[in-house]
A.B. asks: 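This is the structure I have questions about; it appears just below.
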Amino acid sequence: MANRNHHKLPRRFYSRPTLDVARDLVGKFIVHESPSGRMAARIVEVEAYIGRDDPACHAARGMTKRNEVMFGRPGFSYVYFIYGMYHCLNFVTEPEGSPAAVLLRAAEPVDGLDIMAGYAPGKPAQELLDGPGKFCRSFQLTRDHNGLDLTGTILYLEDRKHKPPSVAASPRIGIREGRNLLWRFFDQNSNAVSRTGPAAIRATKPSHRA
DNA sequence: TGAATGATGCGCT
DNA sequence: GCGCATCATTCAT
């Protein structure tokens, strides 16, 4: 870390109650030192998935080969493949043995826009990472990045000197069960939150028209 | 402006 | 086989 105003999040950040971690992650920065270069983005939207009692959590039906990292130590990545063409990135939380994670849903590009897949001159930057599938595609993350140590040097998160975001909560998006829980957290002032979801949620995104 | 749908592959029952 | 923590496109209003 060359910049002394950038502080990599330590393992103890992740080893806490998942809702606390999720809320605190809004406004943090994620960095990927990829083979094609360094990318960085500011997190603006996440969702919490907590344990065996959360029907929407992949761990609800026990440990499998796919979700085993959720049961492991906090501060590791959980990346899974979905809908035949997308990947989703999660951050494992809670002490070992408590399966839980935070899904990264959207972020604002900060560095390395030119090497993000899907980048096109003239395309609004806020549309590069505004969804969990789009984030992984642009940030060039696949199942190969499952189980990475987030306190390492390839994929990690940082706290930076930055104005604290105004965080709001809402139901999670794209799930069938567990919609009563307000476990989605997002930056109310960001125009890079994901588009999918009920009109009430989308309305949090400022309209283009006056 | 919003609802419906097809693409596409894999994990799990 | 079915369903999925998605997205871009098409169609209806």
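Every chain is numbered from 1 and lettered A, B, ... according to where its sequence line falls, protein lines coming before strand lines.
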A.B. asks: Within the structure shown, what part of the strands sits under 4.0 Å from A/Leu103 by heavy-atom distance: base, sugar-phosphate, or nothing?
C.D. replies: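 Base, at least one base heavy atom under 4.0 Å.
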A.B. asks: Any side-chain N or O of A/Arg105 below 4.0 angstrom from OP1/OP2 of C/dT6?
C.D. replies: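 For C/dT6, OP1 or OP2 has a side-chain N or O of A/Arg105 closer than 4.0 Å.
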A.B. asks: Quick one: do A/Arg42 and A/Asp187 make a salt bridge, cutoff under 4.0 Å?
C.D. replies: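 Salt bridge present between A/Arg42 and A/Asp187.
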A.B. asks: Paired with C/dC2: which nucleotide, if any, by Watson-Crick or G-U wobble criteria at under 3.5 Å for both distances?
C.D. replies: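 Looking at the geometry, C/dC2 pairs with B/dG11.
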A.B. asks: Between A/His58 (NE2) and B/dC10 (C1'), how many Å, whole number?
C.D. replies: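 Value for this atom pair: 12 Å.
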A.B. asks: On the six-membered ring of A/Phe139, is A/Arg137 placed so that its NZ or CZ lies under 6.0 angstrom from the centre and within 45° of the ring axis?
C.D. replies: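 No, cation not above the ring by the 6.0 Å, 45° rule.
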A.B. asks: Would you mind telling me which of A/Phe29, A/Tyr156, A/Tyr14, A/Phe91 makes a side chain to side chain contact (heavy atoms under 4.5 Å, CB included) with A/Leu9?
C.D. replies: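 Going through the options one by one, the only one that passes is A/Tyr14.
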A.B. asks: Once you round it to whole Å, what is the distance between P of C/dA5 and CG of A/Asp130?
C.D. replies: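 After rounding, the gap between these two atoms is 20 Å.
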A.B. asks: Atom CZ of A/Arg176 to atom C1' of C/dT6: distance rounded to whole Å?
C.D. replies: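 The answer, rounded to whole Å, is 15 Å.
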A.B. asks: For B/dA3, which nucleotide in any strand shown is its Watson-Crick or wobble partner with both distances under 3.5 Å?
C.D. replies: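 In the structure as shown, B/dA3 has C/dT10 as its Watson-Crick or wobble partner.
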A.B. asks: Round to the nearest Å and state the distance from A/Leu141 atom CG to C/dT6 atom C1'.
C.D. replies: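 To the nearest whole Å, that distance equals 16 Å.
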A.B. asks: Any side-chain heavy atom of A/Leu150 sitting closer than 4.5 Å to one from A/Val92?
C.D. replies: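 In short, these two side chains do not touch, never coming nearer than 4.5 Å.
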A.B. asks: When you measure from the side chain of A/Asn67 to the backbone N and O of A/His58, does any donor-acceptor pair fall under 3.5 Å?
C.D. replies: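 Checking the backbone N and O of A/His58 against the side chain of A/Asn67, a donor-acceptor pair under 3.5 Å is found.
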A.B. asks: Establish, for the pair A/Arg11 and A/Phe13, whether the NZ or CZ atom is under 6.0 angstrom from the six-membered ring centre and no further than 45 degrees off its axis.
C.D. replies: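 Ring-cation test returns no.
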A.B. asks: Any donor-acceptor pair under 3.5 Å linking the side chain of A/Ser77 with the backbone of A/Leu148?
C.D. replies: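 Answer holds: yes.
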A.B. asks: Taking the six-membered ring of A/Phe185 (Phe, Tyr or Trp), confirm whether the NZ or CZ of A/Arg23 is under 6.0 Å from its centre and within 45° of its axis.
C.D. replies: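 A/Arg23 over A/Phe185 ring: no.
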A.B. asks: Mind calculating the distance between NZ (A/Lys123) and P (C/dC7) to the nearest angstrom?
C.D. replies: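 After rounding, the reported distance stands at 11 Å.
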A.B. asks: Just the table, please: protein N/O against nucleotides 11-13 of chain B N/O, every pair under 3.5 Å.
C.D. replies:
from, atom 1, to, atom 2, distance (Å)
B/dC12, OP1, A/Thr64, OG1, 2.2

A.B. asks: Any chance the rings of A/His87 and A/Tyr80 have centres within less than 6.0 Å?
C.D. replies: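 That pair fails the under 6.0 Å test.
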A.B. asks: Could you tell me how far apart A/Arg195 (CZ) and C/dT9 (P) are, to the nearest whole angstrom?
C.D. replies: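 Distance check: A/Arg195 CZ to C/dT9 P gives 10 Å.
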A.B. asks: Heavy atom of residues 75-98 of chain A under 4.0 Å from DNA chain B: which residues?
C.D. replies: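 The answer is A/Phe81, A/Tyr83, A/Gly84, A/Met85.
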